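The structure under discussion appears below in the form of structure tokens.
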Amino acid sequence: MMATDHRLAIAKGRASAKDAAFAKAAQAKGYSMTTLAAALGVHKSALSRWRSGDREVPSAIREKVHTLIGWPANRWPKLGE
């Protein structure tokens, strides 16, 4: 099994410049995008689509992300209901 530090380093290397702040906030709380998606109860591809602005982010997800990693609920590309 891969060590947590190694997984976080891999996740950090994959982050694009536009969502580096989001990834940094997640990593500061010990999450990779995969583990954050699991904590939210969604597939990691859904989290990726929300971060890229391809889909609207439900308010319940925005609030849960704020609780888990402190990311502001109004700082998403597309806000949903």
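Source: prediction; values computed, not measured.
The two atoms that bring K64 and A39 nearest to each other are NZ-O, 3.1 Å, heavy atoms only. Pairing each heavy atom of A21 with each of R75, the nearest pair is CB-NH2, 4.1 Å. Across P77 and S52, no two heavy atoms sit closer than the pair CG-C, 4.2 Å. Listed here is the closest heavy atom pair of S32 and T35: N-OG1, 2.8 Å.
You'll find the side chain of L36 reaches within 4.5 Å of the side chain of F22, heavy atoms only. At a threshold of 4.5 Å between non-hydrogen side-chain atoms, the residues P58 and W50 count as touching. Side-chain contact between L47 and T34 is absent, with no heavy-atom pair separated by less than 4.5 Å.
Of the possible donor and acceptor atoms, none in the side chain of K29 sits under 3.5 Å from a partner among the backbone N and O of K24. Under a 3.5 Å cut-off, the side chain of R62 and the backbone N or O of V57 do form a donor-acceptor pair. A donor-acceptor contact shorter than 3.5 Å is absent between the side chain of W76 and the backbone of R51.
Rounding to the nearest 0.5 angstrom, the gap separating the CG atom in L68 from the CD atom in E63 is 12.0 Å. Atoms CE and OG, on M33 and S45 in that order, are 14.0 Å from each other to the nearest 0.5 Å. Atom CD1 in I69 sits 9.0 Å away from atom OH in Y31 (nearest 0.5 Å). The structure places CD of E56 at 13.5 Å from CD1 of I61, a figure rounded to the nearest 0.5 Å.
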